[in-house]
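Contents: one structure, followed by commentary.
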Amino acid sequence: MSYLKQYPEIENELVKCMKCGNCQAVCPLYKETKSEGAVARGKVKLAEAVLNGKLECTDELAKIFETCLTCKACAANCPCGVQPDKIVLAARTKLVKERGLPFIKNMIFKGLSNPNLFKTGMAMGAMTQGLFLKANDKGMSPRYPVSGLELRRVLPKLADRPFLSTAPDVNKADNPKKKVAFFTGCTTNFIYPQVGDALLKVMKHNDVEVVIPKEQHCCGVPVLLHGDADTATQMARSHVDIFSNLDVDAIITVCGTCGESFSKHYPELLQDDKTYAEKANKLAEKTYDFAQFLVDVLPIDKEILKTVNKTVTYHVPCHIGRGMNAAQQQIELITSIPGIKYNPLKQPDRCCGGAGSFSLTHYELSYKVLKHKLTDIKASAADMLVTGCGSCRMQLTDGISQEELPQAVRHTVEVLAEAY
Amino acid sequence: MSKEQVIGALEQALGSENVISKKEDLVTFSFDATPDMPNPLPDVVVTPSTTEEVVKVVKIAHENKTPLYPRGSGTNLSGGTIPLEGGIVLSTLKMDKILESDPDNLVAVVQPGVIIQELNNEVAPHGLIYPPDPGTVATATMGGSVSECSGGLRGLKYGVTKHYVMGLEVVMADGQVARFGGKTVKNVTAYDLVKLFTGAEGTLGIITEITVRLIPAPEARTAMLATFDSLEDAGNAIRGIIASKVIPATLEIMDQVTIKTVENFSKIGLPTDKRAVLLIEVDGIPEVVENEAEKVVKVVTENKGELKKAKDDKEREGLWAARRAALPALAQLKPTTVLEDATVPRSKITEMLMFLEEIAEKYNLDIGTFGHAGDGNLHPTILTDVRNKEEMERVHKAVDEIFKKALELGGTLSGEHGIGMAKSKFLEWELGESGMDVLKKIKNALDPEGILNPGKMVSK
């Protein structure tokens with residue numbers, strides 16, 4: 001039984017922790033707060049206390065478990081191989097089961113799990129964003145205080161037309177070597193449709209046919225990360241249905257979190273579901289970040305890349321690096337382009353503090369984490385910041401605007417597309 | 001005053017933002033890195049930023065006879081920060097300023113909440129290092145490591161924390177502030193109270209400022225990995241290296257259980273049929289390093305060892321990977337890792353290793369041993385599961401025997417982890433009745449109410 005369904009199942013993960021505290025050395029939130037509750041070791045202790053009935057599922061406990069970026073830096077640095085991100089998920093799921101979801105989150109997640117409602121909502125958002133957000137040269141800023149939104153926060157403008165509403169269902173290649181299905185993810189669909197366009201261009205130049213199932217919707221990880229495993233399971237089933245029916249060599253993503261939904265979370269959420277478990281595992285096996293697909297599976301012909309004269313630096317999104325293990329491939333693609341000068345960041349894989357809605361609900365703390373990244377970006381003297389995740393891009397764009405840094409922010413695939 | 005009144009007084013003294021009393025938060029201060037310990041909750045946690053604020057807290061504790069536990073990062077292995085009798089946990093984490101780095105006098109002055117690695121980062125541009133490097137160098141605080149007198153992998157050549165502490169500011173149990181030592185190399189003024197408070201585990205006073213000695217960073221280093229078919233050969237090689245007048249910065253040993261586990265875990269090409277591996281690193285001036293490395297090669301070969309020498313930093317990393325993987329590899333075998341640090345004179349290392357193999361067999365336990373062979377400080381690591389009551393009883397018996405043997409061989413209970421709660425019951429074996437009496441007299445003189453870190457090292 002999955003630990004997401006039965007909280008006691010998480011005990012096997014809890015007992016591995018020897019409380020050495022090595023997580024303190026790498027936890028971005030511990031660095032800012034110096035609070036044991038912020039770091040994995042403290043959360044393991046609290047999760048144990050809940051398991052042993054020594055702690056109730058209180059508001060205070062919920063606040064502590066909300067204070068995690070799920071950046072997985074602790075897991076990567078753990079001598080005992082503990083995966084604290086699993087423990088946080090289990091605890092958040094348990095907290096939601098015991099206490100329910102706050103009204104506003106419940107509304108949002110119901111929306112996310114209903115593709116049509118979500119699409120309608122986002123379309124309304126694109127039309128009406130000017131009412132409560134004002135455009136400026138950096139993006140959009142709130143016109144007046146909105147719950148959870150800092151006035152100074154710079155938000156990206158929603159796309160006028162979502163990517164899925166304009167992109168063709170089938171994108172043929174002249175001499176197709178492979179056929180893939182593209183899972184766009186919400187940021188590409190609603191905010192950065194140019195990322196989707198860039199992916200199609202790159203795939204076409206590499207003789208890969210791309211199909212884009214239009215019924216796809218949010219991957220469900222935002223819902224899962226907030227502890228609503230039941231809704232996330234419904235969303236997982238829906239995507240397993242949609243993508244299992246396609247005759248494709250691979251499923252391609254351009255966001256680490258979306259990639260992980262197919263490669264890790266769906267199999268976990270559906271492991272006890274007889275009709276879905278095997279299908280989910282099959283999809284997981286052929287899910288790749290676009291960079292993994294291009295470098296490891298295809299591989300691409302680097303000789304035909306044209307010169308792009310730019311000095312770039314690269315931020316490793318947590319779920320691209322520690323999640324999908326695709327950071328090396330992304331960097332390889334960038335550095336394969338003639339004319340690109342790559343200045344690495346001092347700590348390329350340190351979390352930017354964005355973590356999806358964390359940057360909205362914990363803006364100040366999130367910005368403190370971001371500050372370290374901005375210092376490194378400034379020191380890189382690059383004229384472009386490249387990253388592989390739409391959510392990181394939103395966070396980094398906000399920081400770069402706030403600090404008035406000169407760097408443009410682009411997705412890896414956009415930079416690659418420039419070389420064709 | 002009642003508990004609530006004490007908390008109120010603390011809030012008044014430090015501001016409520018520096019006083020933590022919600023149960024959910026207190027749970028996270030109920031433990032440290034020590035396995036198999038009780039985890040009682042403190043009543044309150046305070047986070048002072050200055051010596052004056054520490055004084056205020058100590059005075060409140062003193063007036064109310066409330067137990068007070070200083071705590072840094074809580075990474076110790078002796079149960080040293082567990083709030084055994086409830087009361088106040090005093091976290092030093094907000095006292096995290098490096099007050100001064102003074103290359104002219106080769107010293108630095110820090111607050112207790114500074115992380116050891118941060119001090120090293122600060123002094124590195126001056127070409128200096130602070131040598132003590134416990135495994136927790138990236139997490140442990142200076143206050144904690146001074147209080148536990150932590151050691152590390154360079155103990156043989158560079159000594160341990162107490163060899164680098166030159167001056168201390170201490171808040172005494174009644175709230176008085178006292179300063180001892182300072183920046184001078186020579187200082188024989190009065191009793192050596194700097195040494196007394198170093199390693200006192202927070203039982204005699206609260207350290208609020210530390211002056212430490214720095215040394216020039218070694219210019220060159222060479223790492224070597226030697227493998228042996230027998231423990232005797234490995235032991236003879238250790239003796240031989242020292243006898244040839246080479247003092248390596250690092251002289252580490254791993255037994256066969258550890259070798260097999262590491263190899264299984266990280267596939268780095270260790271020979272699993274060998275009985276022992278030594279990791280040897282010499283450092284210093286390039287010419288001396290070269291000369292010393294040659295002597296090491298000779299001694300290892302004479303003792304039937306096979307030796308790999310790192311040609312560059314990349315190869316050095318490869319050799320070190322084996323040693324770095326020792327604890328993680330062992331720790332992943334079973335849920336609970338009981339890591340001891342019984343220490344024997346260097347010449348008894350072989351005997352101790354053979355004894356540990358016997359103990360593992362006698363009590364049917366998985367014990368992997370690695371450690372700092374050069375200074376006799378071994379880490380027999382018992383792999384178990386605290387949920388298995390029957391096995392835990394065997395673990396406790398094995399630990400008793402390990403300590404007895406270490407003392408028999410002329411060694412000590414703890415090389416670098418400290419006594420705390422974990423080893424206090426064995427203390428009399430080493431110190432005897434008269435030694436315990438001296439310990440108690442010191443404790444009673446400096447902390448007559450017994451409020452400072454009660455239940456650790458020595459009872460009132």
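Note on naming: letters A, B, ... go to the chains in the order of the sequence lines (proteins, then strands), and numbering restarts at 1 for each one. Reckoned from all heavy atoms, side chains included, excluding hydrogens, waters and symmetry mates.
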**Report entry** Contact winner vs chain A - Pro35(B), Gly74(B), Ala331(B), heavy-atom pairs under 4.5 Å
**Finding:** Gly74(B)

Report task. Sort Leu61(A) into side chain, backbone, both or neither according to what part of it lies under 4.5 angstrom from a heavy atom of chain B. Result -> both

Query - Test item: side-chain donor near acceptor, Glu13(A) and Tyr3(A), under 3.5 Å - result: no

Query raised in the report: Using non-hydrogen atoms only, which part of Asp96(B) is less than 4.5 Å away from chain A: side chain, backbone, both, or neither?
Result: side chain

Requested in this report: Measure Lys43(A) against the heavy atoms of chain B and call it side chain, backbone, both or neither at under 4.5 Å.
Outcome: neither

Query - Under 4.5 Å from any heavy atom of chain A - which part of Thr139(B) - result: both

Report task. For Thr384(B) and Lys334(B), test the side chains for any donor-to-acceptor distance below 3.5 angstrom and give the result as yes or no. Result -> no

Report task. Apply the test salt bridge (charged side-chain N to carboxylate O under 4.0 Å, His left out) to residues Asp32(B) and Arg71(B): give CA-CA distance (whole Å), side-chain angles for both, the deciding distance (0.1 Å), then the verdict. Result -> CA-CA 9 Å; Asp32(B) 54 31; Arg71(B) 178 186 175 99; 5.7 Å; no

Requested in this report: Mind ranking Asp25(B), Asn39(B), Leu327(B) by heavy-atom pairs under 4.5 Å with chain A and telling me who comes out on top?
Outcome: Asn39(B)

**Report entry** Top contributor to chain B contacts, counting heavy-atom pairs under 4.5 Å, from Ser35(A), Ala25(A), Cys17(A), Cys78(A)
**Finding:** Ala25(A)

Requested in this report: Would you please say whether a donor-acceptor pair under 3.5 Å links the side chains of Asn121(B) and Gln117(B)?
Outcome: yes

Report task. Among the options Met18(A), Lys63(A), Glu36(A), Lys45(A), pick out the one with the most heavy-atom pairs lying under 4.5 Å from chain B. Result -> Lys45(A)

Query raised in the report: Would you say Lys22(B) has more than 12 foreign heavy atoms packed within less than 6.0 Å of its NZ?
Result: no

Query raised in the report: Can His226(A) and Ser357(A) be counted as having a side-chain donor-acceptor contact under 3.5 angstrom?
Result: yes

Report task. Sort Arg387(B) into side chain, backbone, both or neither according to what part of it lies under 4.5 angstrom from a heavy atom of chain A. Result -> side chain

Query raised in the report: Is there a donor in the side chain of Gln111(B) and an acceptor in the side chain of Thr208(B), or the other way round, less than 3.5 Å apart?
Result: no

Report summary line: Whatever's closer than 4.5 Å to a heavy atom in chain A on Thr47(B) counts as neither

